[in-house]
Amino acid sequence: MKEKNPWHTPVTIIITVIGVIAIVALVTVAVLQNRPVPQKYKYGIVLDAGSSHTALYIYQWRAEKDNNTGRVEQTHSCKVKGKGISSYASEPWRAGESLTLCMQEAEKRVPHKRHHETPLYLGATAGMRLLNMENSSASDRVFQAVERALQKFPFSYQGARILSGQEEGAFGWVTVNYLDDRLTQGLETTGALDLGGASTQISFVSDNYDGSESPSNSVTFRLYGNDYNLYTHSFLCYGKDQVLRMALAQQTQSGPGAILDPCFHPGYMETKNYSVLYDSPCVSDRKPQGAPSIFNHTGNGNFRQCQEVVKRVFNFSSCKYSRCSFNGVFQPLLQGPFGAFSAYYFVMNFLNLTDTSIPLESVMEKLTRYCATPWEKIKLQHPNVKLNYLAEYCFSGTYILTLLTEGYNFTSESYSSIKFIKKINGSDAGWTLGYMLNLTNMIPAEAPDSPPLPHAGYVSIVTIIAFLLFVLVILSLRPLWPRCSKQPHII
Ligand SMILES: Nc1ccn([C@@H]2O[C@H](COP(=O)(O)OP(=O)(O)OP(=O)(O)O)[C@@H](O)[C@H]2O)c(=O)n1
Ligand SMILES: [Ca+2]
């Protein structure tokens, strides 16, 4: 008689099948239960309505990392054609219209399914601050037009408003330190230097500053379990376009009709309009009475003299605090490192001076040679740069160096702790990211709990337990098995 294999008895077959099904079921449940949500992203859009131009930024982050350690990154940016929204004071509808192309681009870039849940913010800075000071109803009309335009898009519109100088400085600092991963790690922070067209901000943490000396310059944060006492100040009218107006206004005082300007290249000559020059609250009180309507603006390209002109836009005469930067504004001892972005970067990058390991003295020598270069030669060397930008780099470079050294008190040594940056890890440096992180509560005050085990860990543990259970069941059923075939048969 042929021997029967005991593994093929109906009981063992059933046990084996049940066991296999149990393992498959347990592992499937474990995988599905703990599986990370399939790469689903959330989005946020911020419009930076600056004095000289508006830019749109799209940010994205993984949905399951909301409110946690998930990295928010910039996926797209769009530069709005034309000038800043404050320049449309007399035809506000055009301010709204100007945003259309970039908004249409955002509609395409953010997945359709996410449109309705994507928050959209517009923050305006110094250009609108100045317009609001000068003519608040004109600034209201610009905001109404912008609001109407933005509400036409399918995003979750969260409002348009003017940021205070403090917010602008503090959110720029948050952005830089967030992108550098300094906040989660509790590392020494980086100060932030932002230079715009109409205002400039300086923000840093200084160990010997507790915020009591000048409370209006103090912002406190608790981020990821660490307390920060930030010093920040925004100088309205000290953006580079407004400083250029102030410098020109000062030079017209010596005699209307013509300016021989050391901040412009030799051979530069333009006829300019007084009413355009003085059309800003930063200079309007200096408008000479009975002056002709135009003046000749001629360059003679001399860095040292240009520095003297620029120095005169700062007031160093009084300081009621222990120490000041300029215009009687308190500033604690500088503590680096610093990241300098926006126009600091545009200008220093153009001048090939972003390398701060070059000693400050050599930087000044290079700028001296650049300013002295004839305008015709400069134009030939840079045929693709817009002429109005090109004409101003000698002035702008001189202003940047003077602001840093005479204004903020950077020395030859501390100058090397500044990094001129545009992007950090793929996202632009600027206040927009910090603004969005704050409004979407994406930076927790306390350090988030990390999960006890990663996903793969859960799956392995459940698989091992299921396998052990299966072996246990098999072994416990052993007594029911038919006798082993190797035993001698007694017939
Ligand atoms: N390639 C470029 C781009 C811009 N600029 C100059 O940089 C300044 C604008 O800097 P930005 O940071 O864009 O200023 P806004 O945000 O528009 O101004 P604010 O922050 O003061 O509102 C302007 O003077 C502009 O002429 C430049 O010199 N080179
Ligand atoms: Ca700006």
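Just so it is clear, the model here is predicted, and its values are computed rather than measured.
- For Met133, the CE atom is densely surrounded, since the number of other residues' heavy atoms within 6.0 Å is greater than 12.
- Residues forming a side-chain contact (heavy atoms from CB on, under 4.5 Å) with Val276 (at least two apart in sequence, or on another chain): Asn273.
- For the disulfide (SG to SG under 2.5 Å) condition, the pairs that include at least one residue of residues 345-396, sequence neighbours left out, are Cys371-Cys394.
- Taken from CD in Gln74 to OG1 in Thr175, the straight-line distance is 10.0 Å, to the nearest 0.5 Å.
- Legend: salt bridge (charged side-chain N to carboxylate O under 4.0 Å, His left out) pairs involving residues 210-220, not counting sequence neighbours: none detected.
- Checking Asp194, Asn349, Leu403 one by one against Tyr344, the side-chain contact (heavy atoms from CB on, under 4.5 Å) holds for a single residue, Leu403.
- If you check the side chains of Tyr59 and Thr440, you find no donor sitting under 3.5 Å from an acceptor.
- Listed by chain and number, the residues in a side-chain contact (heavy atoms from CB on, under 4.5 Å) with Lys272 are Tyr268, Glu270, Phe295, His297 (sequence neighbours excluded).
- For the residue pair Gln201/Ser199, the side-chain donor-acceptor check at 3.5 Å is satisfied.
- Qualifying ring pair (Phe, Tyr, Trp, His ring centres under 6.0 Å) partners for Phe204, counting only residues two or more places apart in sequence or in other chains: Tyr231, Phe338.
- Under the side chain to side chain donor-acceptor pair (under 3.5 Å) criterion, the residue pairs touching residues 361-370 are Glu361-Ser412, with sequence neighbours excluded.
- Donor-acceptor pairing under 3.5 Å is lacking for the side chains of Asn296 and Thr298.
- For Thr190, the side-chain contact (heavy atoms from CB on, under 4.5 Å) partners two or more places apart in sequence, or in a different chain, are Val176, Asn177, Asp180, Arg182, Pro337.
- The salt bridge (charged side-chain N to carboxylate O under 4.0 Å, His left out) pairs that include a residue from residues 382-405 are Lys240-Glu392, where partners are two or more places apart or lie in different chains.
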(message) Does Phe346 form a ring pair (Phe, Tyr, Trp, His ring centres under 6.0 Å) with Tyr389? I'd like the steps, not just the answer.
(response) CA-CA 10 Å; Phe346 303 144; Tyr389 280 167; 8.0 Å; no

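- For residues 407-430, the set of pairs meeting the salt bridge (charged side-chain N to carboxylate O under 4.0 Å, His left out) definition, not counting sequence neighbours, comprises Lys422-Asp428, Lys423-Asp428.
- Between Tyr408 and Phe235, the angle of the ring planes lies from 30° to 60°, which puts this pair in the tilted group.
- The side-chain contact (heavy atoms from CB on, under 4.5 Å) check on Phe221 picks up Ala170, Trp173, Val174, Val219, Leu223, Tyr228, Leu230, with sequence neighbours excluded.
- Ring-plane geometry between Phe153 and Phe155 is classed as parallel, the angle between the planes falling under 30 degrees on a 0 to 90 degree scale with a further cut at 60.
- Pairs engaging residues 152-162 under the side chain to side chain donor-acceptor pair (under 3.5 Å) rule: Glu147-Tyr157, Ser156-Gln158, Arg161-Glu167, Arg161-Tyr435 [sequence neighbours left out].
- For residues 119-130, the salt bridge (charged side-chain N to carboxylate O under 4.0 Å, His left out) pairs, not counting sequence neighbours, are Arg129-Glu168.
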